[in-house]
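Bear in mind the structure is a predicted one, so any value in this text is a computation, not a measurement. What you see below is based on every heavy atom in this structure, not just the backbone, and it leaves out hydrogens, waters and symmetry mates.
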Protein chains: 2
Amino acid sequence: MSKHRSAPTLDDVAKAAGVSTATVSRCLNNPQQVVEATRQRVLCAVDELGYTPNFAARVMAAKRSFTIGAIIPTMENAIFARGLQAFQEELHKRGYTLLVSSSAYRPEAEEEQIRTLVARGADGLLLIGHDREEQIYDYLERQKVPALVAWSFNPTNRTPSVGFDNRQAMNTLAQQVIALGHRHLATISGISKGNDRARLRITGIKDAMAENGLAPDDLFVVETTYEIENGAEAFRDLMSYAPAPTAVLCGNDVLAVGAIRQAQEMGLRVPDDVSITGFDDIELARIVSPALTTVHVPHREMGQKAALELIHMIETSASGRSVELSTRLINRESLQAATV
Amino acid sequence: MSKHRSAPTLDDVAKAAGVSTATVSRCLNNPQQVVEATRQRVLCAVDELGYTPNFAARVMAAKRSFTIGAIIPTMENAIFARGLQAFQEELHKRGYTLLVSSSAYRPEAEEEQIRTLVARGADGLLLIGHDREEQIYDYLERQKVPALVAWSFNPTNRTPSVGFDNRQAMNTLAQQVIALGHRHLATISGISKGNDRARLRITGIKDAMAENGLAPDDLFVVETTYEIENGAEAFRDLMSYAPAPTAVLCGNDVLAVGAIRQAQEMGLRVPDDVSITGFDDIELARIVSPALTTVHVPHREMGQKAALELIHMIETSASGRSVELSTRLINRESLQAATV
DNA sequence: ATGTTAAATGCAAGCGCTTACATAGGCACT
DNA sequence: AGTGCCTATGTAAGCGCTTGCATTTAACAT
């Protein structure tokens with residue numbers, strides 16, 4: 001028990017147990033390959049020395065890290081939290097570890113993070129949405145790192161996806177808004193460049209308008225980043241136009257909450273004076289008052305299925321199948337028939 | 001340009017540039033050690049081949065990973081989000097990468113994560129609060145991995161901390177509550193076992209009671225995990241006692257929001273019928289209605305200072321100095337004078 | 001020219017692990 | 001007892017990088 005001893009290695013364990021390093025390694029990774037008696041001896045030595053395998057060495061030798069990387073656009077709000085949580089729980093069950101990083105909605109940052117994660121030996125990657133440069137997919141292919149897209153569904157894409165039809169989901173909501181008599185619609189969207197979810201949601205609204213004899217180009221669109229304050233600001237801009245919209249469909253719940261607060265600040269009652277809807281159905285949607293009418297996204301299911309599919313791709317080198325999930329309209333208090 | 005070539009290595013770059021691997025390595029890590037002309041040649045080869053260094057190999061050889069690990073009790077709510085964001089931004093500026101994992105408030109999980117992070121070669125660790133088994137600190141010491149505690153401040157502890165005085169902060173709030181005439185106090189706290197922040201906050205309230213001639217033992221305490229629903233449930237329990245508390249001091253904003261919603265559900269007006277306070281001053285505190293009177297914690301400052309201090313410990317092998325930050329009372333709408 | 005010195009580069013030894021292959025017992029048969 | 005085969009274990013070759021030390025090269029003074 002010398003004081004200055006530093007971290008024990010496989011070798012130390014082997015010596016202590018009187019076996020070769022190979023046997024120790026097998027004990028730890030494929031216990032069934034080593035006979036009971038030896039295994040006991042090794043395991044004893046392991047915790048007597050307080051041995052923890054060196055991860056870098058293991059990755060290097062095995063060329064497997066049992067680590068999966070996920071790059072999400074933001075950690076600042078809870079949009080991705082629940083889905084990612086489910087993703088990681090499922091990974092954990094299967095013996096994988098999740099490494100998360102956030103790109104802050106910046107494509108270059110995302111590319112850098114992808115490279116970083118690959119360099120760190122990630123066995124697979126979870127990406128959000130399909131929109132990114134081809135070269136990134138080439139790179140991933142060359143490095144032989146399987147990738148899976150979530151929060152979006154597009155089976156024709158070269159990368160498989162586990163997600164939902166953003167266009168369709170928003171379309172259904174917009175149909176309902178229009179059915180309630182709203183004729184002047186507006187949307188507060190995320191930045192659509194590089195964000196297929198945002199873009200498709202806008203398209204969903206325009207389609208609904210066209211399908212109901214409204215001119216799609218009349219849709220007021222404000223794009224901004226997903227923060228409550230920005231939702232508020234965008235709402236203020238929107239209401240300065242004439243005729244003011246009677247319904248504001250927000251790209252997500254966070255923006256919607258900002259819009260609601262701003263409306264209240266401006267002395268407008270929601271939904272009496274103006275209807276506001278969200279998207280995602282995160283916790284916030286129920287907490288805010290009035291509670292948000294929104295589109296429920298099965299985040300947990302998506303996270304879990306994505307984990308399963310990605311692991312499958314990794315372990316069988318299969319190319320991956322896309323899976324589509326369905327969303328659901330949640331009617332709460334923030335949407336009401338147009339009064340005009 | 002063979003199709004089946006896999007990831008290029010240092011060696012490939014060296015060959016392509018007609019130098020040794022040592023030179024390539026130096027180009028990448030200590031550019032000033034290599035003459036301009038050579039450097040150009042090497043850098044060209046690097047991006048011609050699309051080379052990305054293998055992280056595991058680098059860690060192994062250099063025994064440095066420029067990676068810092070943080071284990072937080074939860075990612076589910078935003079309590080740690082802002083501080084961690086600032087922590088990571090500062091790390092990034094200094095060339096470090098952050099790896100985050102969540103222990104779900106389970107000590108064994110935390111220990112496992114600490115080992116995992118160390119095995120992955122983390123150069124340093126950020127931990128939340130001081131409460132954990134001695135053996136963990138021993139382990140860290142043996143592995144020579146510096147650790148820093150945040151969200152708590154206790155300069156006498158063996159591990160340095162960057163945080164605030166939880167007891168004092170809550171004490172100040174409780175003093176004000178009492179000064180407003182409240183005599184029947186209750187608190188909805190996080191689970192205090194293994195959570196010094198929660199415990200100290202309770203102590204802060206009791207001290208304030210004692211200092212004002214109230215019996216500390218009269219404080220109703222309900223402990224629960226930090227989720228909105230649990231805050232709601234706890235509030236219901238609390239109000240079933242007689243005499244019902246006129247002020248409920250919550251261990252954090254999340255619990256307070258749950259309490260407020262439950263109060264509203266029970267037909268109680270906040271703060272007219274019952275005052276409710278939070279702690280942390282996260283975004284939620286301003287969004288909920290009535291807006292929360294709470295204790296503002298300088299999360300960003302804490303994250304940033306922690307990063308600086310931890311890097312300092314890593315790079316100089318210094319033992320680290322604790323730094324204390326101050327909190328501030330934020331008076332919003334949820335606390336009001338007792339009406340009895 | 002030659003020696004002296006410093007700067008640039010190369011050489012090669014690991015870092016701690018996994019795993020293909022080699023080896024050695026053990027057992028069941030003949 | 002000998003043969004074959006199966007299983008448990010050992011041997012050693014890397015995995016891709018960094019870095020101390022040795023060597024070469026360049027630069028300058030004499």
Which nucleotide sits closest to the side chain of [X]: [options]?
| X | options | value |
| --- | --- | --- |
| T21(B) | dT18(D), dG10(C), dC15(D) | dT18(D) |
| V19(A) | dG10(D), dT18(D), dA8(D) | dG10(D) |
| L10(B) | dC17(C), dC17(D), dG10(C) | dC17(D) |

Taking [atom1] from [X] and [atom2] from [N], how many angstroms apart are they, rounded to a whole number?
| X | N | atom1 | atom2 | value |
| --- | --- | --- | --- | --- |
| M60(A) | dA13(D) | CE | P | 16 Å |
| Q33(B) | dT18(D) | CD | C1' | 11 Å |
| Y51(A) | dG16(C) | OH | C1' | 7 Å |
| D11(B) | dG10(C) | CG | P | 12 Å |
| R120(A) | dG16(D) | CZ | P | 18 Å |
| R26(A) | dG10(D) | CZ | P | 8 Å |
| E36(B) | dT9(C) | CD | C1' | 16 Å |
| R64(B) | dC17(D) | CZ | C1' | 16 Å |

Measure the shortest side-chain to side-chain distance between Q32(B) and N30(B) over non-hydrogen atoms and say whether it is less than 4.5 angstrom. yes
Mind checking the CD-CD spacing from E141(A) to E134(A)? Nearest 0.5 Å is all I need. 9.5 Å
Please determine if R115(B) forms a cation-pi arrangement with Y139(B), meaning its NZ or CZ atom is less than 6.0 Å from the six-membered ring centre and no more than 45° off the ring axis. yes
Within 45° of the ring axis of F66(B) and under 6.0 Å from its six-membered ring centre, is that where the NZ or CZ of R64(B) lies? yes
Does a nitrogen or oxygen in the side chain of [X] sit under 4.0 Å from OP1 or OP2 of [N]?
| X | N | value |
| --- | --- | --- |
| S25(A) | dT18(C) | yes |
| S20(B) | dG10(C) | yes |
| T23(B) | dT9(C) | no |
| K63(B) | dG16(C) | yes |
| T38(A) | dT9(D) | yes |
| N29(A) | dT18(C) | yes |

Side chains of S101(B) and Q113(B): any donor to acceptor distance under 3.5 Å? yes
Both A62(B) and G18(B) contact DNA chain C. Taking the nearest nucleotide for each, which residue is further toward the 5' end? G18(B)
